[in-house]
Q: 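Got a structure for you, written out below as structure tokens; questions coming shortly.
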Amino acid sequence: MALTFFRGLHTHSFLMYPSSFLSRKNGMLYCTMKSIRGQTETQEKSQHQLKVSTQTQSRKHDDIFKNFEAIIGIETHVQLSTLTKAFCSCPYNYGAQPNTSICPVCMGLPGALPVLSTKVIESAVKVGLALNCNLSLSSKFDRKQYFYPDLPKGYQISQFDIPIATGGYLDVDIPLEFGGGHRKFGITRVHMEEDAGKLLHTGNGSFSQVDLNRAGVPLLEIVSEPDMRTGIEAAEYAAELQRLVRYLGVSNGNMQEGSLRCDVNISIRPIGQLEFGTKVEIKNLNSFSSVSRAIDFEISRQALLHSQGQADQIVQETRLWEEGAQKTVTMRKKEGLADYRYFPEPDLPGVTLTEEYVDGIRCSLPELPEMKRRRYEGMGLNMQDVLFLTNDINVADFFDSAIAEGADVKLAANWIMGDIAAYMKNEKLSINEIQLNSHELVELISSIKGGTISGKIGKEILFELMAKGGTVKGLIKEKNLVQIADPVEIEKMVDKVLADNPKQLEQYRGGKTKLQGYFAGQIMKESKGKANPALLNKILLEKLNAKS
């Protein structure tokens, strides 16, 4: 049936790909697009050839930004973590064998009717509320018409004139290394829609494989206001959206899996001009650093054309970011709204929400990143600490659990951001995958603070707990790690080390006072790391400065 369907499509020539045809081979759908490369080359040749070296771009960068203002908005597609697709019971598992999770509904076969999953509505309401939007108690679905080989129906079920949420905003804290500060970016709308399939292009471009597993997967499209002015602001906005959907539990937000995809719209205008310039879209950026770099390149490209009197060379189009070349290139001319020929989806009823339903979801929302950051600031943590701890909801939960059990706020933050974070990075583990729990971190901090063990011993215990688990008290007892706090015993070790190092002692008393650290290290080694550091240094200084 599927093969018949695609052959049927071929009888009506594709406007975009006039020589395309589709066939099936080894369970995959194939779509040859011999004209794509030629068409892309023709488009590129017809465009102004802009070649700017990195050095030239760097020299002109400051002047460009002094004379022009960038206007940036982002369309973010968030793939929802539902058990089924939006309008059918097919599951979606990233990385599954191609075309193994499809049915007549998501393939768009004649006579198959969609049924909307209530989980999609619930997720949309959660995101709308979290983004401070106005919810539409009555909304509807529409058909967005366009023809592409990975869109089996020839249209996408989406929302057009009555989206489920409008008119919100997102609070973002910019990291200190990027200038710091707080930004509020407007949200135009949030709407529900379905995803298309996926085309896997071959290296020589002679054909493409069509995988429809992703067709019908539920998406939320979040459209920002054009409130951003730099690549950094746009990247931080996208990162905050990722945090938000993860905190809400509606999506894993993994950009590498396509669960969060950003399309950036950029135009520039001379400083002081009110009218927007010609908008260019950069499609499917797959990392936050790519968002920032692609935007900065595109701003420079457009500004250079303006400054050379060739602003008419900037056309409304869709461009792609080439990571290797670090530049944007033309993909296709941008369609207008009229090209999509929207009309109400006749196979789906409208979406009606009640106030009770919305209030129930509002009460179930977790503490969101912005609220958590403000709470942590109130605890006395600096912004660097706050941004690190709130970036991952699991890290934040671990920290909150430790604080709830009485851990010192700053000490807990330092341990998590220091040795624990380094271990997770080195072992490529999340905080939920290490063997340490928050209770044992509290016990460890308490044992060091109370003088039971030294900080050095504490680090050794920490790594043992993260790798193998166990308890702080159990390891202290098992390994006989209780800190030596007896002045007489420490004094004996100090005397032994000084006696064993007469030359260094003479040098210290001759003015090389930095050798105190050497002696302290030797004494700590003698005590196998168990000597109380404060008491050790007190006794050592007395002995070093005593008259011989």
Side-chain angles (χ1 to χ4, degrees), residues 1-12 14 22 24 27 29 31 77-93 96-125 127-128 135-165 189-199 210-221 250-251 339-354 357:
M1 290 177 68
L3 184 58
T4 304
F5 172 69
F6 281 109
R7 283 176 177 161
L9 280 181
H10 175 58
T11 62
H12 302 86
F14 282 110
L22 294 117
R24 182 182 290 274
L29 299 173
C31 169
H77 292 86
V78 177
Q79 181 179 301
L80 300 178
S81 299
T82 54
L83 295 176
T84 66
K85 295 184 181 181
F87 304 111
C88 66
S89 59
C90 291
Y92 174 73
N93 297 306
Q97 287 297 309
N99 297 310
T100 55
S101 294
I102 54 178
C103 72
V105 173
C106 52
M107 290 183 69
L109 299 184
L113 294 176
V115 177
L116 176 62
S117 166
T118 58
K119 279 291 182 183
V120 176
I121 301 173
E122 181 183 325
S123 297
V125 172
V127 171
L135 294 180
S136 300
L137 296 182
S138 294
S139 62
K140 65 178 178 67
F141 282 96
D142 302 275
R143 288 188 179 182
K144 180 181 181 182
Q145 320 283 332
Y146 65 94
F147 297 94
Y148 203 70
D150 62 6
L151 191 69
K153 294 192 291 289
Y155 62 85
Q156 178 190 35
I157 299 177
S158 182
Q159 290 189 305
F160 175 51
D161 55 329
I162 311 179
I164 195 166
R189 58 187 281 146
V190 178
H191 67 256
M192 301 176 282
E193 63 184 22
E194 63 176 340
D195 207 346
K198 185 177 182 181
L199 286 180
V210 184
D211 177 11
L212 294 180
N213 279 348
R214 202 173 66 184
V217 167
L219 299 177
L220 290 183
E221 181 170 344
V250 301
S251 174
D339 297 314
Y340 291 128
R341 293 175 292 122
Y342 284 99
F343 69 85
E345 169 57 70
D347 293 336
L348 286 169
V351 177
T352 302
L353 309 176
T354 65
Y357 176 79

Q: By the definition side-chain hydrogen bond (donor to acceptor under 3.5 Å, both in side chains), identify the one residue from Glu345, Glu193, Glu221, Lys144 that meets it with Ser158.
A: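 Among the candidates, only Glu193 passes.
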Q: Are Phe87 and Val115 packed together at the side-chain level, in the sense that at least one heavy-atom pair is separated by less than 4.5 angstrom?
A: no
Q: Taking only Lys NZ, Arg NE, NH1 and NH2, and the carboxylate oxygens of Asp or Glu, determine whether Lys153 and Glu194 approach each other closer than 4.0 Å.
A: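 Salt bridge between Lys153 and Glu194, a charged N being under 4.0 Å from a carboxylate O: yes.
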Q: With a 3.5 Å distance limit and no angle check, can you tell me whether Lys85 reaches the backbone of Ala215 through a side-chain donor-acceptor pair?
A: yes
Q: Please lay out, stage by stage, how Phe141 and Tyr342 fare under the test ring pair (Phe, Tyr, Trp, His ring centres under 6.0 Å).
A: CA-CA 10 Å; Phe141 282 96; Tyr342 284 99; over 10 Å; no
Q: Main chain of Gln97, side chain of Thr100: is a donor-acceptor contact present, judged purely on distance under 3.5 Å?
A: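 Pair found, side chain donor or acceptor close to backbone of Gln97.
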Q: Cys90 and Ile102: which non-hydrogen atoms are nearest, and at how many Å?
A: SG-C, 3.7 Å
Q: Measure the shortest side-chain to side-chain distance between Ser138 and Val351 over non-hydrogen atoms and say whether it is less than 4.5 angstrom.
A: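 A side-chain contact under 4.5 Å is absent here.
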Q: Under 4.5 Å between any side-chain heavy atoms of Tyr146 and Tyr155, yes or no?
A: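 No. Closest side-chain heavy atoms not under 4.5 Å.
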Q: Say whether, by atom type as modelled, one donor and one acceptor occur between the side chain of Asn99 and the main chain of Leu212 under 3.5 angstrom.
A: yes
Q: Using side-chain heavy atoms (C-beta onward) and a distance below 4.5 Å, is Leu137 in contact with Thr352?
A: no
Q: Do you know which two heavy atoms are closest between Asn213 and Ala96, and how far apart they sit?
A: ND2-O, 3.8 Å
Q: Considering only heavy atoms from C-beta outward, does the side chain of Val125 approach that of Glu122 to under 4.5 Å?
A: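 Answer no - side chains too far apart.
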Q: Checking Asp211 side chain against Asp150 main chain: does a donor-acceptor pair fall under 3.5 Å?
A: no
Q: Would you call His77 and Leu219 a side-chain contact if the rule is heavy atoms closer than 4.5 Å?
A: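 Touching, per the 4.5 Å side-chain cut-off.
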Q: Of all the heavy-atom pairs spanning Pro152 and Cys106, show the shortest one and how long it is.
A: CG-O, 3.5 Å
Q: For the backbone of Lys119 and the side chain of Ser117, can you confirm whether one donor and one acceptor N or O come within less than 3.5 Å of each other?
A: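 Side chain of Ser117 to backbone of Lys119: a pair is present.
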Q: If you draw a 6.0 Å radius around NZ in Lys198, do more than 12 non-hydrogen atoms from other residues or ligands fall strictly inside?
A: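 Atom NZ in Lys198 is not packed in, count stays at 12 or less.
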Q: Side-chain contact, heavy-atom cut-off 4.5 Å: Leu220 with Leu80?
A: yes
Q: Less than 4.0 Å between a side-chain N and a carboxylate O, is that true for Asp347 and Arg143?
A: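 Here Arg143 pairs with Asp347 in a salt bridge, since their nearest N and O are under 4.0 Å apart.
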Q: Could you report the tightest heavy-atom contact between Gly197 and Arg214, atom names first, then the distance?
A: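 Heavy atoms only, the tightest pair is O-NH2, 3.1 Å.
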Q: Looking at every heavy atom in both Val210 and Pro149, which two are closest together, and how far apart are they?
A: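 Shortest heavy-atom contact: CG1-O, 3.8 Å.
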Q: With a 4.5 Å heavy-atom cut-off, do Thr82 and Tyr92 have their side chains touching?
A: no
Q: Salt-bridged, Arg341 to Asp339, with N to O below 4.0 Å?
A: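 Not counted as a salt bridge, because no side-chain N and carboxylate O are separated by less than 4.0 Å.
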Q: Whether the side chain of Thr354 engages the backbone of Tyr357 through a donor-acceptor N/O pair (distance < 3.5 Å, no angle test) should be reported.
A: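 Side chain of Thr354 to backbone of Tyr357, a donor-acceptor pair under 3.5 Å: yes, one is there.
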Q: Please check: side-chain N/O of Gln159 versus main-chain N/O of Met192, any donor-acceptor pairing under 3.5 Å?
A: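 Such a contact is found between Gln159 side chain and Met192 backbone.
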